Number of protein chains: 2
Amino acid sequence: MHDNAASTRVAAELRARIIDGVIPPGTRIRQEEIAEEFGVSRVPVRETLRILESFGLVTLVASTGAWVSTLDFDECREIYLMRERLEPLLLGLAMPTHTPESFGEFERLAQHVEAAPTKAEFLHRDRDFHRALLAGPPTKRLRDTVDHLWDLTHYYRRQLLQPEGSARRREDIVAEHQMILRAVMDGDPESAEAALAFHIRHTRKLVERHPEIFAQSCEDIPGTLPT
Amino acid sequence: MHDNAASTRVAAELRARIIDGVIPPGTRIRQEEIAEEFGVSRVPVRETLRILESFGLVTLVASTGAWVSTLDFDECREIYLMRERLEPLLLGLAMPTHTPESFGEFERLAQHVEAAPTKAEFLHRDRDFHRALLAGPPTKRLRDTVDHLWDLTHYYRRQLLQPEGSARRREDIVAEHQMILRAVMDGDPESAEAALAFHIRHTRKLVERHPEIFAQSCEDIPGTLPT
DNA sequence: CGATGCTGGATTGGATCCGATATCGGTGAT
DNA sequence: ATCACCGATATCGGATCCAATCCAGCATCG
């Protein structure tokens, strides 16, 4: 009984490409191209674009076109601030649903993060770890919101692992995961929430030290009228 | 250069009707009806429904239909928990942008709330007051998220003012607004955030004392298969 | 030489038409 | 009498066609 509609299928695939950086921020999206590639007409593609626009992944300009949304420095910071508040909340709601079996799974995922061979793989496994921690309670809106916030920053998170010193950053992340995990396994929600907030805050601080990530590189972004 | 597309026009109008309760939760939405009423074809209506679905206002079932989303007790509670975390954050970001002139506007809006003649008017003015407090910083995602959370609960907020004791509730709200306002005008962000969190939390507690609001009244809601 | 106005092509937005699917009522068998 | 099966109809999802809009390049003029 799943939604097999073309618009949601295309939306899911486009989302994946956007957050993986296959279609980088600022790229124009032409309806016809997408339609042809997926073997559908432009009608479901337009629904797709409306969906992605609602999530903030795509920016539509009336009668003009669609672009993969770009984040500037302040927007990215804003999203991290939101995550700092929302994810601890979700973790607090999730913890009562965790069991000793899930603890084992968490540890496995944490080690999986540590052993990631590539940066892209590291990012995916990191997200898997976080998703597992926050799984459990049927809080649809909260989880969806958190997911969307991750989506919006995923591209820039990869950029953040590019520069030198990323090895050090990886170590920090792994260590912070251990701190969160220990609090979770101790059944101590307050510590777990604090550790998670610290973890996100730490990443935000890193973002704030690397504003060069947000240099406008791609061509014509609408909304930039040079006088 | 505004988006004058039919889909966004229709989406805005449908949103207004849904949150005002003109189309109550659980009602089925037929594409043809909407299309005919707005003088458009079903294509932009379908885009509209996808948009509203992304915001959680409408629930789509593949090849079956669209319904105005209903909230159950837990979902409503969840949304209030999110607001408790997000709105203080936004207030903290907004306060540095406030000026003595905005203070005057806040006081005017607060009195406007107190003087509301009807329950519906009270709700709208209450929202205007909150929106004004949170206005200022160009934090699009955060503000949009907060707006959507208000949208999702607006209908049930009205239900909450129906039962006896709502006069007492109104007095509480007005008093809490004064507390928030005083902290804001004192330029004390921590107190302001705490007062706002308390205000939202207070409303959540009220919701939790009135689970009867969420009794499934409307007919066929999909997803409920009675074995 | 630079600025401005115009025109053709590309692209989006919308309407109509067609096929697919679910729902609902009726019919028959147990 | 109840349940299973089955067809008619309403409704949805998608494709194709047409109109409206925007953009780029070129010509024209100051």
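Computation of the quantities below employed the complete heavy-atom set of this structure, encompassing side-chain atoms and omitting hydrogens, waters and symmetry-equivalent molecules. Below, chains carry the letters A, B, ... as their sequence lines are ordered, and counting in each starts from 1. Keep in mind the model is a prediction, meaning the values are calculated, not measured.
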Worksheet item: Would you say the side-chain atoms of A:Arg170 pair up with the backbone N or O of A:Ala116, donor to acceptor, closer than 3.5 Å?
Response: yes

Worksheet item: Whole Å only: how far is the CH2 atom of B:Trp67 from the C1' atom of C:dT23?
Response: 10 Å

Worksheet item: When the distance from CG of B:Asn4 to C1' of C:dG13 is rounded to whole Å, what number comes out?
Response: 12 Å

Would you tabulate the side-chain donor-acceptor contacts of residues 33-40 of chain A under 3.5 Å, counting partners in other chains and residues two or more places apart, or write 'none'?
unit_1: A:Glu37; atom_1: OE1; unit_2: A:Arg17; atom_2: NH1; d: 3.3
unit_1: A:Glu37; atom_1: OE2; unit_2: A:Arg17; atom_2: NH1; d: 3.0
unit_1: A:Glu37; atom_1: OE2; unit_2: A:Arg17; atom_2: NH2; d: 2.5

Worksheet entry | D:dT11 OP1/OP2 closer than 4.0 Å to side-chain N/O of B:Arg28 | no

Fill in: OP1 or OP2 of D:dA15 under 4.0 Å from side-chain N/O of A:Ser41
yes

Worksheet item: Starting at CD1 of B:Ile51 and ending at P of C:dG13, how long is that distance when rounded to a whole Å?
Response: 11 Å

Discussion item. So if I apply the salt bridge (charged side-chain N to carboxylate O under 4.0 Å, His left out) rule between B:Asp147 and each of B:Arg83, B:Arg131, B:Arg141, which one comes out positive?
Written reply: B:Arg131

Worksheet item: When we call it a touch if two heavy atoms are under 4.0 Å apart, what does A:Arg30 touch: a base, just sugar-phosphate, or nothing?
Response: sugar-phosphate

Discussion item. Please determine whether a side-chain nitrogen or oxygen atom of A:Gln31 lies at a distance below 4.0 Å from atom OP1 or OP2 of C:dA10.
Written reply: no

Discussion item. Can you confirm whether more than 12 heavy atoms, excluding those of A:Glu121, are under 6.0 Å from its CD atom?
Written reply: yes

Fill in: 5'-most by nearest nucleotide on DNA chain C - A:Val43 or B:Ser63
A:Val43

Worksheet item: For the pair made of CG in A:Leu49 and C1' in C:dT12, what is the distance, rounded to whole Å?
Response: 11 Å

Discussion item. Within the 4.0 Å heavy-atom criterion, would you say B:Ile29 contacts the bases, only the backbone, or no part of the nucleic acid?
Written reply: sugar-phosphate

Worksheet item: Under 3.5 Å, is there an N or O donor on one side and an acceptor on the other linking the side chain of A:Arg42 and the base of D:dG14?
Response: no

Practice prompt. Grab the CD-P distance between B:Glu47 and D:dC12 for me, whole Å please.
Written response: 16 Å

Practice prompt. Would you kindly check whether a donor in the side chain of B:Arg46 faces an acceptor in the base of C:dG14, or vice versa, at under 3.5 angstrom?
Written response: no

Discussion item. Before you tell me yes or no, could you show the steps for B:Arg157 and B:Trp150 under side chain to side chain contact (heavy atoms under 4.5 Å, CB included), namely the whole-Å CA-CA distance, both residues' side-chain angles and the distance that decides it to 0.1 Å?
Written reply: CA-CA 9 Å; B:Arg157 201 154 43 246; B:Trp150 276 80; 3.0 Å; yes

Worksheet item: Between D:dA10 atom C1' and B:Glu33 atom CD, what is the distance in whole Å?
Response: 12 Å

Discussion item. What residues from residues 5-12 of chain A pass a heavy-atom cutoff of under 4.0 Å to DNA chain C?
Written reply: none

Worksheet item: How long is the line joining CD of A:Glu32 and P of C:dT12, in whole Å?
Response: 8 Å

Discussion item. Please determine whether the number of non-hydrogen atoms from other residues, nucleotides or ligands lying under 6.0 Å from atom CD of B:Glu13 exceeds 12.
Written reply: yes

Worksheet entry | Beyond-backbone contact of A:His199 with A:His177, side-chain heavy atoms, under 4.5 angstrom | yes

Worksheet item: Rounded to whole angstrom units, what separation is found between the CZ atom of B:Phe38 and the C1' atom of C:dA15?
Response: 18 Å

